[in-house]
Visitor: 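What follows is a single structure, and I will ask about it in a moment.
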Amino acid sequence: MKKIMVTGALGQIGSELIAKLQKEYGENNVLSTDIRQPQSSVSGPFEILDVTDGKKMHEIAKDFGADTIMHMAALLSATAEKQPLFAWNLNMGGLVNALEVARELNMQFFTPSSIGAFGPSTPKANTPQDTLQRPTTMYGVNKVAGELLCDYYYTRFGVDTRGVRFPGLISYVAQPGGGTTDYAVDIYYKAIEEGQYTSFIAEGTYMDMMYMPDALQAIVDLMEADPAKLVHRNAFNVTAMSFEPSEIAASIQKHIPDFTISYEVDPVRQAIADSWPDSIDPSAAVAEWGFKTKYDLDAMTADMLEQLRKKLNK
Ligand code: AKB
């Protein structure tokens, strides 16, 4: 039975990952940690943790008897671009602390990388697993350094590090904060609340995306995968779909025919999006640990709108 400590548990992924892990491994075997106090009650154990405090992270993990750490606390791409030095300190400082705790306490380790680990010189279509990675954002620099650091802790210290490169993740539970792909979440809220959406990403800009249930299943499947079959271990390309703003709008129009989209492009987030791939190739994840997804764009749209209508009482 796993005993899992999760950092950044109140974030977009963390909020839903906790419930998924509790279902798989039992409520008392999952420890949520976050720098923020939860707004409402969290099920299962919870501790306040600033991930830049490595000593406290070690103490909490040891007291809980954790054998696995899932390190989710990080700043996303657009926020990191506004505060690059803070992003470096938080993203890299938190990661190296979590890796050290995993090494000291002999824990299995997971952290997400991102499509942000690619840059303008990376092949844009069907981006291979192993390819050029020269990102031009602080977030991307953090993600590439993080991928290498996780590989280093595996080869140098034998820490069982595993990870994926997530695309934009779409969910109705917690809103993402400060990402470039966030438009693909905002659009569903605005479609229900206002019947229209002004996109900060330009028409024609393709990015990879995935619905949260598929992302959570990918984490569990990778962590349960036979280590003998893992050639890459860290930073597997994973994706479920690639679309541009007018395509997600068309998918919403199948349910809300009067929905309209317009564009007011944010130059910072557009430049980040333009530096990322249009679509990535997940075949290494499929071959090495059986990565699969259930939701394409239309299936995701139908579920998002149904769930958000309930959430927003609309
Ligand atoms: C972001 O937009 O920053 C994230 C990501 C793709 O890593 N959603």
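Whatever order the structure lists ligands and atoms in, that order sets their numbers, starting from 1. What you see is a predicted model, and the numbers here were worked out from it, not measured in a lab.
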Visitor: Give the atom numbers and elements of ligand 1 that come within less than 4.0 Å of a heavy atom of S77.
Guide: 1 (C), 2 (O), 3 (O)

Visitor: If the cut-off is 4.0 Å to any non-hydrogen atom of L76, which atoms of ligand 1 fall inside it?
Guide: 3 (O)

Visitor: Any atoms of ligand 1 less than 4.0 Å from a non-hydrogen atom of T180? List them with their elements.
Guide: 1 (C), 2 (O), 3 (O)

Visitor: Quick one: which ligand 1 atoms are inside 4.0 Å of a heavy atom on G179?
Guide: 1 (C), 2 (O), 3 (O)

Visitor: Answer yes or no: is there a donor N or O on one side and an acceptor on the other, between the side chain of D208 and the main chain of I280, under 3.5 Å?
Guide: yes

Visitor: Give the atom numbers and elements of ligand 1 that come within less than 4.0 Å of a heavy atom of S114.
Guide: 5 (C), 6 (C), 7 (O)

Visitor: Decide whether T131 and Q133 meet the rule of one side-chain donor and one side-chain acceptor closer than 3.5 Å.
Guide: no

Visitor: Under 4.0 Å, heavy-atom basis, I'd like to know which part of I115 is in contact with ligand 1: side chain, backbone, both or neither.
Guide: side chain

Visitor: Under a 4.0 angstrom heavy-atom cut-off, which atoms of ligand 1 come close to W276?
Guide: 1 (C), 2 (O), 3 (O), 6 (C)

Visitor: How close does the nearest protein non-hydrogen atom get to atom 8 (N) of ligand 1, and which residue and atom is it?
Guide: T181 OG1, 2.8 Å

Visitor: Using the six-membered ring wherever Trp is involved, compare the ring planes of Y197 and Y183 and label them parallel, tilted or perpendicular (cut-offs 30° and 60°).
Guide: parallel

Visitor: Indicate, with yes or no, if the rings of F291 and W289 have centres closer together than 6.0 Å.
Guide: yes

Visitor: Check whether any side-chain heavy atom of I219 lies under 4.5 Å from a side-chain heavy atom of M70, and answer yes or no.
Guide: yes

Visitor: Heavy atoms only: give me the nearest I261-P245 pair and the separation to one decimal.
Guide: CD1-O, 3.8 Å

